[in-house]
Amino acid sequence: MRLYNTLKRKKQEFVPQTPGKVNMYVCGITAYDLCHIGHARSSVVFDVLFRYLKHKGFDVTFIRNFTDIDDKIIKRAGEVGKEAAEIAEQFIGEFYVDMDRLAIERPTVEPKCTAHIPEMLKLTQELIDKGHAYATPSGDVYFKVRSFDGYGKLSGRNIDELESGARIEPGEEKQDPLDFALWKGAKPGEPSWESPWGRGRPGWHLECSAMSEKYAPLPLDIHGGGQDLSFPHHENEIAQSEAATGKPFANFWVHNGFVQINSEKMSKSLGNFFTIRDILAKFLPETLRYFLLTMHYRSPLDFSFDALEEAEKGLRRIYAALAQVETELAKENWKKSPFPAELDAELDAAVASFAEAMEDDLNTAGALGHVFTAVRLAGRVCEDKNLRKSEGGRDFFLRIRDAFKQWGAILGIFEHAPAAFLTELRDSRAARAGIDPATVESLIAARQEARKNKDFARSDAIRDELLALHVDVKDTPQGATWDVAG
RNA sequence: GGCGACAUAGCCAAGUGGUAAGGCAGAGGUCUGCAAAACCUCCAUUCUCCGGUUCAAAUCCGGAUGUCGCCUCCA
């Protein structure tokens, strides 16, 4: 497959170091608050990459860390009067709740920063020994950026231009404004660990270098994260790891684009900030996941509830087709009658196109376009009395079901029982619209009674009444069903 | 100021040299007691603008305009 490599600024054929095996490291969360939609996007993107690589038959080691000691965690702990470790544990728990709802598979390894202090001390010592880092009198250790030639190669920055913007904060003992902390000397009341330079705690960038090296042989095949992490975080990881080991750190750098609100970055200060919980209070998790996949992973993605609602309609149409296929497959007495070969050919083409889209830099948006080809094909066969009752039709339905099973496993959607999902989706929509299902059911019962008596005036009057509640009634041979209108 | 990304129909969006996927919305039709859903048909001679390269460009190059991101913690 082809993947866009930030390091080379172009798509490249992805080839792992060891045939058949892939090592992938993705920067995880800092556990100090609930996750927002941006975390959801990043998680979904790399979950799909993980699933797709496995689908292709690779033995994937997926490492995703937890930053469980950090300024923000300490700050939060201070605010609520808890220990930093308690805060980290709490929000790691909340993280899993969100991830599970979004059907994010667990990575192979999920190392925590605080469980790898010895590895970080070792790496820091190596960097000091090789002249790439220095300790200060107050017990900080800094990485000497100018000692590493490749600095800036990932983010395309020039070290002298960076220099002009950088400055030394009061209290810092850096030799150069560009230098960054590997180890921070302990401050009173903060969590700290013993080190050769006195008690302290690791700097943020250090953990990813130390833990990736521990769980995968360098170079990593893939290193991923949000676009904003490329500088300085990923740049610093490269500097640390390559300066210490002399080996390249990662072959492919994959960065997902940002979630925006009204074309602007979301941030707490702008007040345009949504947590995953905020969304899932109104929409099903699969709707959010589907929505996130309707755009290419590197593009900025504009979030709005209107856009989510639009995505929801698309997802509903897909599931409606799957439900119809299930209904037909539950029937028996298949007839021997001719089945048009061009329908099979179109389905073949859709399956092939889906695969091509995924091969081309994980183009889930393009791939979903081909999913709708299968949806239309299913509808066409269901429409035709002869086709849907034929043996060829049955085989076609089975093929469609298989295709969706495979696509669903890759994308992490389409995996619910269709009829049950549609009911759940309808109830979710009804709840948003403030529709009381019991009221609807009783009106429908009254309407059925009227229809039974051929009292169509009354039947239509009730339909109008339901429509005023934003409810559409659908009469089927099995009785009346309903959905939220629009 | 430096670095970078993006600009495709009413809206969202895929598409990196060969003559514009898909979704949502909309119009007409089939079906239906009426509807809804589904299906069929239609809906960008054109890809922000101006130049250039080429037999051929939304796709490559140069310029303009606009939007956004990074350069400080951030997915």
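Convention: sequence-line order gives letters A, B, ...; per-chain numbering from 1.
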| field | Proximal nucleotide (of B/A75, B/C73, B/A35) relative to the A/Arg463 side chain | value | B/A35
| B/U67 to B/G51 separation - P atoms, rounded to the nearest Å | 24 Å
| note | Assign each of A/His233 and A/Val375 the nucleotide of RNA chain B bearing its closest heavy atom; nearer the 5' end lies the nucleotide of A/Val375
| Is a donor-acceptor contact shorter than 3.5 angstrom present between the side chain of A/His36 and the base of B/A75? | yes
| task | May I ask you to evaluate whether A/Trp204 reaches the phosphate of B/C74, defined as a side-chain N or O under 4.0 Å from OP1 or OP2? | result | yes
| query | Are the ring centres of A/Phe95 and A/Phe66 closer than 6.0 Å? | reply | yes
| So what does A/Arg157 touch, heavy atoms closer than 4.0 Å: a base, only the sugar-phosphate, or nothing? | base
| task | Let me know the distance between CD of A/Glu383 and P of B/G29, rounded to the nearest Å. | result | 17 Å
| note | The salt bridge (charged side-chain N to carboxylate O under 4.0 Å, His left out) partner of A/Asp71 among A/Arg76, A/Arg201, A/Lys187 is A/Arg201
| A/Tyr151 six-ring centre to A/Arg146 NZ/CZ under 6.0 Å and within 45° of normal | no
| Within the side chain of A/Asp68, is there an N or O that forms a donor-acceptor pair under 3.5 Å with the backbone of A/Thr114? | yes
| task | Just call it for A/Val259: base, sugar-phosphate, or nothing, with non-hydrogen atoms closer than 4.0 Å on any strand. | result | base
| query | Atom CZ of A/Phe303 to atom C1' of B/A13: distance rounded to whole Å? | reply | 17 Å
| message | So if I define the base as every atom that isn't primed, P, OP1 or OP2, how would nucleotides 14-27 of chain B read as a B/S/- string at a heavy-atom cutoff under 4.0 Å? | response | SSS----BSBSS--
| request: Describe the nucleic acid contact of A/Thr476 in one word from base, sugar-phosphate, nothing, applying a heavy-atom distance below 4.0 Å. | output: nothing
| query | When rounded to the nearest Å, what value does the distance between C1' atoms of B/C61 and B/G69 take? | reply | 25 Å
| said: Any side-chain to backbone donor/acceptor pair from A/Tyr319 onto A/Phe414? Under 3.5 Å, distance only. | reply: yes
| Between B/G2 (C1') and A/Leu162 (CG): distance, integer Å | 9 Å
| Just how far, in rounded Å, is C1' of B/C74 from CG of A/Leu229? | 8 Å
| Using the C1' atom in both, what is the distance from B/G17 to B/G22, to the nearest Å? | 23 Å
| said: Tell me whether the NZ or CZ atom of A/Arg106 lies within the 45° cone about the ring axis of A/Tyr96 and under 6.0 Å from its centre. | reply: yes
| field | Distance, rounded to the nearest Å, where A/Leu34 contributes CG and B/A75 contributes P | value | 13 Å
| Reckon A/Asp475 touches a base, only the sugar-phosphate, or nothing at all at heavy-atom distances under 4.0 Å? | base
| message | Heavy atoms from C-beta onward define the side chain here; which of B/C71, B/A75, B/G33 lies closest to that of A/Asn256? | response | B/A75
| Inter-nucleotide P distance (B/A37, B/G18), Å rounded | 39 Å
Quick one: which protein N/O atoms are closer than 3.5 Å to N/O atoms of nucleotides 66-68 of chain B? Pair and distance per line, please.
residue, atom, partner, partner atom, Å
B/C68, O2', A/Gln260, NE2, 2.8

| Euclidean distance, atom CD of residue A/Glu342 to atom P of B/C40 [Å, nearest integer] | 13 Å
| Opposite nucleotide pairing with B/C49, Watson-Crick or G-U, both atom distances under 3.5 Å | B/G63
| Under 3.5 Å on both distances, the Watson-Crick or G-U partner of B/C43 | none
| field | Stepwise salt bridge (charged side-chain N to carboxylate O under 4.0 Å, His left out) check, A/Lys75 with A/Glu79 | value | CA-CA 6 Å; A/Lys75 180 164 176 275; A/Glu79 285 164 4; 3.3 Å; yes
| request: Say whether, by atom type as modelled, one donor and one acceptor occur between the side chain of A/Ser428 and the main chain of A/Glu424 under 3.5 angstrom. | output: no
| Nearest to the side chain of A/Ser459, which nucleotide is it out of B/G33, B/A75, B/A38? | B/G33
| request: Give none if B/A37 has no partner; otherwise give the nucleotide forming a Watson-Crick or G-U wobble pair with it, both distances under 3.5 Å. | output: none
| message | Can you tell me the base-pairing partner of B/C3? Count Watson-Crick or G-U wobble geometry only, both distances below 3.5 Å, and say none if there is no partner. | response | B/G69
| query | Roughly how far, to the nearest 0.5 Å, is the NE2 atom of A/His470 from the CZ atom of A/Arg429? | reply | 11.5 Å
| Using atom P of each nucleotide, how far apart are B/U53 and B/G62 to the nearest Å? | 15 Å
| message | At 4.0 Å (heavy atoms only), tell me whether A/Leu467 reaches a base, stays on the sugar-phosphate, or touches nothing. | response | nothing
| query | Between B/U19 and B/U54, how far is it from one C1' atom to the other, in whole Å? | reply | 14 Å
| said: To the closest 0.5 Å, what do you measure between SG (A/Cys35) and CG (A/Leu102)? | reply: 9.5 Å
| B/A21 pairs with which nucleotide, Watson-Crick or G-U wobble, both distances below 3.5 Å? | none
| request: With RNA chain B as reference, determine whether A/Arg447 or A/Asp472 sits nearer its 5' end, using the nearest nucleotide of each. | output: A/Arg447
| note | Per atom distances to the A/Phe258 side chain, the nearest of B/A75, B/C34, B/C73 is B/A75
| said: For A/Phe305 together with A/Phe274, are the ring centres under 6.0 Å from each other? | reply: yes
| said: Base, sugar-phosphate or nothing for A/Gly226? Non-hydrogen atoms, less than 4.0 Å. | reply: sugar-phosphate
| field | Nucleotide opposite B/U32 in a Watson-Crick or G-U pair, distances under 3.5 Å | value | none
| said: Treating A/Arg41 as the side-chain partner and A/Gly257 as the backbone partner, does any N or O pair qualify as donor plus acceptor under 3.5 Å? | reply: yes
| field | Whole-Å distance separating the OH atom of A/Tyr319 from the P atom of B/A38 | value | 17 Å
| Gap in Å between the two C1' atoms, one belonging to B/A27 and one to B/A21, rounded | 22 Å
| Quantified in whole Å, what is the P atom distance between nucleotide B/C11 and nucleotide B/A44? | 14 Å
| task | Determine, stepwise, if the pair A/Asp98 / A/Arg277 fulfils salt bridge (charged side-chain N to carboxylate O under 4.0 Å, His left out). | result | CA-CA 7 Å; A/Asp98 290 337; A/Arg277 303 283 164 98; 2.6 Å; yes
| request: Could you state the atom-to-atom distance from CG of A/Leu322 to P of B/A38 in whole Å? | output: 13 Å
